Protein chains: 2
Amino acid sequence: MPTKKSTTPDRAGTAGRILDVAERLVQVRGFNAFSYADVAKAVGIQKASLHHHFATKADLGVALVTRYRHSFLDTLRSIEATSSHGFERLERYADLYGKVLRAGRMCMCGMLASDAATLPKPMRGSIAEFFAENEEWLSRILAEGKKRGDITFDGSAASMAAFIVSSLEGGMLVSRGSGDLDHFDDVVDRLLERVRPAKTKTKRRSG
Amino acid sequence: MPTKKSTTPDRAGTAGRILDVAERLVQVRGFNAFSYADVAKAVGIQKASLHHHFATKADLGVALVTRYRHSFLDTLRSIEATSSHGFERLERYADLYGKVLRAGRMCMCGMLASDAATLPKPMRGSIAEFFAENEEWLSRILAEGKKRGDITFDGSAASMAAFIVSSLEGGMLVSRGSGDLDHFDDVVDRLLERVRPAKTKTKRRSG
DNA sequence: GTCTATAGGCAGATAGAC
DNA sequence: GTCTATCTGCCTATAGAC
C-alpha cells in the first residue's frame, strides 16, 4: 500500500507526478469518478499535455496498476527483509492497510475491483495479478511462520492468505462506508488474534 | 441481499421498475458508472420521464438505498423466523451474499461504500445505517446463539458481527477483482468454521 | 513537452405539448 | 405520466503552433 518510496523508479518526472496524482484520485474517488481535468489541475499542466504521457485514460489506468503492483511488492519485500518474526510481519502487513485507510484512501486495487465491470479490459488482468501476488507472498509468510512456530492458523496457508486479504479489504470498505475508522482496527485485532502464536505478547499495531 | 420478494411494497409500478433496474446497475457498475439513459433504455421509457419519478440522480440514489435497507432487513427477519438454529442462520446469512455474487453483482451498499467519497451527502448516512442495522441484527443472532450453544466465538458479539460483515464484503470484492468466485466460498468456509458449534455437523452452504 | 483551441459525445436536467 | 426538443456543462481525445 505504497505512498512510500520504492526501489523501482517511476516516481520522478512529469509522468511520475501524473501517476501520483491519479493514484490518489483512484484511491479516494474511483476510476470512473476522476477526469483528466482533475489530474491536470493537481499536477499544474493542461489536460492536453497529459495525453502526451498517457494517450488514453485506459493507458493511464494500466500504468497505474502496474506501478502499484511493483511498488506494493517492494514494500512486502521490505517487511520481509526487516522483520524476521512471522507475527510481526503480519502486524506490519495489516498496518499497511491501516495507514492507507487513515490517509482517507482505499487500497487502489480494492477500489478498482469494485469498478471492475466498467474498466478497460487490459486493466482487469493486472488487477487480478495484484491479488494473486499479494496472496502468494502472504501465503509464503504464513507457511514459513507456521513451520517456525511464530504464527498459528488452521487449514492451508493459501486459504488463510485469501481470508486475510478479504478481511482487510472488506474492513477498509465497510469502515469507509460506515464513516467509522475504528471499525477497521477491530477487524485487524480479531484477525491478528487468530494467528498470534501462543507465547508472544507483541503489542498490536504501531501507527 | 434482495433480488427477492419482500414484505414492503415499492416493487410494483414504474417507480418500482426504475428502482429494480437502477439497483442492478449500481450493483454491477457502481453509482458513477450508470446514467439515466441506461435506466431509461432498460425500463423502456424516455430519460425525461425518469425525472418525473426521481427528480435528480441523488433522489434516485436515496430511494435506492432506503428500499434496499428495508428489503434486506425483511430478508434477515425471514431467516430468523424460519431457522431457529444459530449456526444455520449464519449459513443462510452468508449464502445471501454468495447468491448476489453468483448473480454477477456486489452487495449494493458495499458498492456504494466504495463510491462514498463521490456520493450526494444524503446517501451517505443511509449507507452507514445499512451497515449498522446489518451488524445489529447479526450481533443479536450471535449473542443468542452463543448463549444457546449453537454458535461459538470469542470476544464480543458486536465485534464478531463487524468482522463477519467485513469478511463477506471483502470476499465479494476480491472475488470480483480476481475473477475467481471460488475465492468467496473459501472465505465463507473459513468464516463458518470459526463459529461452528462443537457437536453439530451441518453441511455448509446450500446454493 | 507544453500550450491553445476545438471536436464530438454524453452527462444530468428542464420546458412545455399531449 | 410520458413524450420531443433542447440546454449547459463536462468528458475524452485530437490538431497543430511554439
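Quick note: numbers below take in every heavy atom, side chains included, and nothing from hydrogens, waters or symmetry partners. Note that the structure is predicted; figures quoted are calculated from it, not measured.
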**Message:** Please list all pairs meeting side chain to side chain donor-acceptor pair (under 3.5 Å) that have one or both residues in residues 172-183 of chain A, counting only residues at least two apart or in different chains.
**Reply:** His183(A)-Ser166(B)
**Request:** Tell me which nucleotide among dT2(D), dG1(C), dC3(C) gets nearest to the side chain of Thr14(B).
**Result:** dT2(D)
**Item:** Under 3.5 Å side-chain donor-acceptor pair for Arg190(B) and Ser167(B)
**Value:** no
**Prompt:** Sequence neighbours excluded, which residues qualify as side-chain hydrogen bond (donor to acceptor under 3.5 Å, both in side chains) partners of Ser84(A)?
**Reply:** none
**Item:** Partner set under side-chain hydrogen bond (donor to acceptor under 3.5 Å, both in side chains) for Arg17(B), not counting sequence neighbours
**Value:** none
**Message:** Measuring to OP1 and OP2 of dT14(D), would you say a side-chain N or O of His52(A) lies under 4.0 angstrom away?
**Reply:** no
**Prompt:** What parts of residues 113-122 of chain B reach DNA chain D, counting only heavy atoms under 4.0 Å away?
**Reply:** none
Please tabulate the protein-to-nucleotide N/O contacts below 3.5 Å involving nucleotides 12-14 of chain C, giving atom names and distances.
residue, atom, partner, partner atom, Å
dG12(C), OP1, Lys57(B), NZ, 3.1
dG12(C), OP2, Tyr36(B), N, 2.9
dA13(C), OP2, Lys57(B), N, 2.8
dA13(C), N7, His51(B), NE2, 3.3

**Complete:** So side chain to side chain donor-acceptor pair (under 3.5 Å) across residues 106-125 of chain B, not counting sequence neighbours, yields Ser114(A)-Ser114(B), Asn32(B)-Thr118(B)
**Asked** Under the salt bridge (charged side-chain N to carboxylate O under 4.0 Å, His left out) test, which residues partner Arg77(B), sequence neighbours left out?
**Response** Asp74(B)
**Prompt:** For dC3(C), does either OP1 or OP2 sit under 4.0 Å from a side-chain N or O belonging to Ser49(A)?
**Reply:** yes
**Request:** Mind calculating the distance between CD (Gln46(B)) and P (dC3(D)) to the nearest angstrom?
**Result:** 5 Å
**Request:** Would you kindly give the CG-to-P distance between Asn32(B) and dC10(D), to the nearest whole Å?
**Result:** 16 Å
**Request:** Just jot down the salt bridge (charged side-chain N to carboxylate O under 4.0 Å, His left out) partners of Arg29(A), sequence neighbours excluded, or say none.
**Result:** none
**Request:** Take the protein atom CG of Leu50(B) and the nucleotide atom C1' of dT2(D), then report the distance between them rounded to whole Å.
**Result:** 11 Å
**Item:** side chain to side chain contact (heavy atoms under 4.5 Å, CB included) partners for His53(A), two or more places apart
**Value:** Thr14(A), Ala15(A), Ile18(A)
